[in-house]
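Bear in mind that the values here come from a model prediction, so they are computed numbers and not experimental data.
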Amino acid sequence: MAGYTVECGDLRGWASQVSRASDDMGAAHKYALGQIPDADFGKILELITGPYAGLLEPFHSVLEADGTRLGKTSEALKTAEKIYQGMESEAGDRFAKLDAGAQGTVEDDGEASAFKDGESGAAELTPPNGDVTLPEVSLGFPFDQICDLCAQFTGFDPREKITQWIAGDVGKAMRQSSAWTSTANCTDAVNGNLKAGQAAISNTWTGEASNAAAKHVSAWLKSLTEQGTGMRQMGEHLKTAVDEAVKMAQVVVDIVKTVFSLLSSAWANAAIPAYGQWKLIKTVKDGVSMLWNAVKVINVFKSFIVMIVDFVKAVVASFNVSALPPAPAGGPA
């Protein structure tokens with residue numbers, strides 16, 4: 001059997017770096033629970049609510065599993081170092097039984113300078129920002145009376161077809177978008193630290209156990225890359241949905257305000273016999289024709305959100321606990 005080499009100071013440093021990665025992903029899990037808790041954004045983003053809510057549970061679960069399994073990987077590396085030092089009698093099934101039966105060289109210079117993190121993943125978990133609000137319909141004139149007029153003369157009720165769709169908490173959605181990006185930044189930082197650490201430990205740890213550990217960490221690098229990409233995409237998709245919602249709402253509000261200004265003037269002249277009443281009815285019908293343009297704008301927005309929903313469903317595949325690298329099996333006897 002081929003021999004092995006190990007520098008125990010580096011192996012301890014590598015184990016500590018993996019432990020920090022575990023802590024960072026644990027912090028990401030707590031952050032996500034607090035900052036990305038649900039999909040309740042109100043009527044304006046109603047179409048995205050179900051698919052987005054279905055994404056959150058696997059997202060939270062995979063972050064929790066990241067922290068737990070990376071922690072167990074760190075423990076396996078610590079156990080390996082103790083066995084090389086003769087402090088444990090057997091390796092169980094950890095990392096190819098730690099070169100059992102092979103001849104090797106064990107050194108320990110007490111240093112691990114190559115295993116400092118390039119950046120802290122937890123430091124990327126900053127408070128989310130999202131100072132965004134929807135434009136409001138502030139008409140001044142009795143709103144319900146005019147809506148009743150529209151419904152009476154044309155069967156078109158602006159409350160049912162238009163104004164209910166421009167209500168919701170887009171600020172909350174934008175804050176969640178920001179939080180998705182922060183979680184992606186954390187995951188990318190952890191990935192970068194693990195990649196650098198794996199490259200460093202390969203210089204001073206060789207053999208069967210080293211190869212098994214390297215294969216295990218490579219699987220983590222692939223998984224974390226996919227997770228980070230999915231998180232970043234979700235943040236971008238949610239931000240795009242909010243941007244389009246605000247644009248849609250502004251166009252609709254402008255149309256509604258214009259129409260209701262015309263209807264208010266006609267209402268004021270309605271007391272004039274014959275002409276005033278005829279003018280009011282005509283203005284209502286003309287106004288409703290204009291309001292249908294607002295409905296068209298809303299329908300275009302809904303079609304866009306349906307596309308976002310397809311993106312959300314695709315992102316779910318990035319958060320699959322069963323696809324994560326398993327925790328190293330076994331342990332010291």
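More than 12 non-hydrogen atoms from other residues, nucleotides or ligands lie less than 6.0 angstrom from NZ of Lys78. For Lys222, the NZ atom sits in a loose shell: 12 or fewer heavy atoms of surrounding residues, nucleotides or ligands are nearer than 6.0 Å. Atom NZ of Lys116 has 12 or fewer neighbouring heavy atoms from other residues, nucleotides or ligands inside a 6.0 Å radius. More than 12 non-hydrogen atoms from other residues, nucleotides or ligands lie less than 6.0 angstrom from CD of Gln250.
Linking Ile, Leu, Val, Met, Phe, Trp and Tyr whenever their side-chain heavy atoms come within less than 4.5 Å puts Val321 and Leu56 in one cluster. Tracing side-chain contacts under 4.5 Å through hydrophobic residues (I, L, V, M, F, W, Y), one reaches Val106 starting from Leu77; they form part of the same cluster. Hydrophobic clustering places Ile298 together with Val242 (ILVMFWY residues linked when any side-chain heavy atoms are closer than 4.5 Å, directly or through intermediates). The hydrophobic cluster containing Val18 also contains Leu324, counting ILVMFWY residues as joined when their side-chain heavy atoms lie under 4.5 angstrom apart, directly or transitively. Both Met307 and Val246 are assigned to one and the same hydrophobic cluster, defined by single-linkage of ILVMFWY side chains at heavy-atom distances under 4.5 Å.
Arg12 approaches Gly110 most closely through the heavy-atom pair NH2-CA, 3.9 Å. Contact detail for Ala112 and Gly13: the closest heavy-atom pair is CB-CA, 3.6 Å. The shortest non-hydrogen separation linking Phe301 to Ile44 is CE2-O, 3.2 Å. Closest heavy-atom contact between Phe59 and Ala32: CE2-CB, 3.6 Å. Of all heavy-atom pairs between Ala15 and Ser74, the closest is O-OG, 2.7 Å. Of all heavy-atom pairs between Ala200 and Ala114, the closest is CB-CB, 3.9 Å.
In this structure, a donor-acceptor pair under 3.5 Å is present between the side chains of Gln227 and Ser223. Between Thr105 and Thr5, the side chains place no donor N or O within less than 3.5 Å of an acceptor N or O (distance only, hydrogens not considered). Donor-acceptor pairing under 3.5 Å is lacking for the side chains of Asp40 and Thr49. Gln164 and Glu160 form no side-chain donor-acceptor contact under 3.5 Å, judged by distance and modelled atom types alone. With hydrogens and angles left out, the side-chain atoms of Tyr84 and Glu7 include no donor and acceptor closer than 3.5 Å. Side-chain contact check for Gln17 and Asn193: no donor-acceptor pair (N or O, by modelled atom type) lies under 3.5 Å.
With contacts defined as side-chain heavy-atom distances shorter than 4.5 Å, the pair Ser182/Tyr31 qualifies. At a threshold of 4.5 Å between non-hydrogen side-chain atoms, the residues Thr258 and Met290 count as touching. Looking only at side-chain heavy atoms (C-beta outward), His29 and Met25 stay at 4.5 Å or farther from each other. Using a 4.5 Å cut-off on side-chain heavy atoms (C-beta onward), Lys302 and Trp165 make contact. Side chains of Lys72 and Ser22 form no contact here, defined as non-hydrogen atoms less than 4.5 Å apart. In this structure the side chain of Asp243 reaches within 4.5 angstrom of the side chain of Met174, judged on heavy atoms. You'll find the side chain of Trp292 reaches within 4.5 Å of the side chain of Lys161, heavy atoms only. For the pair Gln198 and Trp14, the minimum side-chain heavy-atom distance is below 4.5 Å.
Checking side-chain atoms of Asp169 against main-chain N and O of Lys172 turns up a donor-acceptor pair under 3.5 Å. In terms of modelled atom types and a separation under 3.5 Å, the side chain of Ser177 and the main chain of Ala173 share no donor-acceptor contact. Looking only at distances, no side-chain donor or acceptor of Asn191 sits under 3.5 Å from a matching main-chain atom of Thr187. Between the side chain of Thr206 and the backbone N or O of Ser202 there is no donor-acceptor pair closer than 3.5 Å. Checking side-chain atoms of Asp117 against main-chain N and O of Glu119 turns up no donor-acceptor pair under 3.5 Å. Between the Thr181 side chain and the Arg232 main chain, no donor and acceptor come within less than 3.5 Å of each other. With hydrogens and angles disregarded, a donor-acceptor distance shorter than 3.5 Å links the side chain of His60 to the backbone of Ile36.
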Open item on the list: For a side chain to side chain contact (heavy atoms under 4.5 Å, CB included) check, start with the C-alpha distance between Thr225 and Trp220, then their side-chain angles and the critical distance, and finish with the verdict.
Closed with: CA-CA 8 Å; Thr225 297; Trp220 270 112; over 6 Å; no
Task: side chain to side chain contact (heavy atoms under 4.5 Å, CB included) between Leu63 and Thr183, intermediate numbers included - done: CA-CA 10 Å; Leu63 287 176; Thr183 311; 4.1 Å; yes
Open item on the list: Please evaluate residues Ile162 and Val256 with respect to the criterion side chain to side chain contact (heavy atoms under 4.5 Å, CB included), reporting the C-alpha separation (whole Å), side-chain torsions for both, the decisive distance (0.1 Å), and the verdict.
Closed with: CA-CA 9 Å; Ile162 297 177; Val256 170; 3.9 Å; yes
- [ ] Give the C-alpha distance, both sets of side-chain angles, the deciding distance and a yes or no for salt bridge (charged side-chain N to carboxylate O under 4.0 Å, His left out) between Glu236 and Lys239.
- [x] CA-CA 5 Å; Glu236 292 171 355; Lys239 181 180 184 300; over 6 Å; no
TODO: Take Tyr52 and Phe41, measure what side chain to side chain contact (heavy atoms under 4.5 Å, CB included) needs, and give me the verdict at the end.
DONE: CA-CA 11 Å; Tyr52 184 74; Phe41 304 132; 3.7 Å; yes
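Distance OG/Ser210 to CG/Asn203: 10.0 Å, rounded to 0.5 Å. Considering NZ of Lys296 and CD1 of Ile255, their distance stands at 10.0 Å, rounded to 0.5 Å. Going from atom CD of Gln233 over to atom OG of Ser318 covers 6.5 Å, rounded to the nearest 0.5 Å. Of the inter-residue distances, the one linking Glu111 atom CD with Asp10 atom CG reads 9.0 Å to the nearest 0.5 angstrom. Between Leu45 atom CG and Leu238 atom CG the span is 7.5 Å, to the nearest 0.5 Å. Taking CZ of Phe319 as the start and OG of Ser61 as the end, the distance is 11.5 Å to the nearest 0.5 Å.
Put simply, the residue from Leu125, Val190, Leu70 that forms a side chain to side chain contact (heavy atoms under 4.5 Å, CB included) with Asp24 is Val190.
Salt bridge Arg175/Asp131: absent, no basic N to carboxylate O contact under 4.0 Å. Checked for salt-bridge contact, Lys247 and Glu244 meet the test: a charged N lies under 4.0 Å from a carboxylate O.
Taking the six-membered ring where the residue is Trp, His237 and Phe311 present parallel rings, their angle staying beneath 30° rather than reaching 60°.
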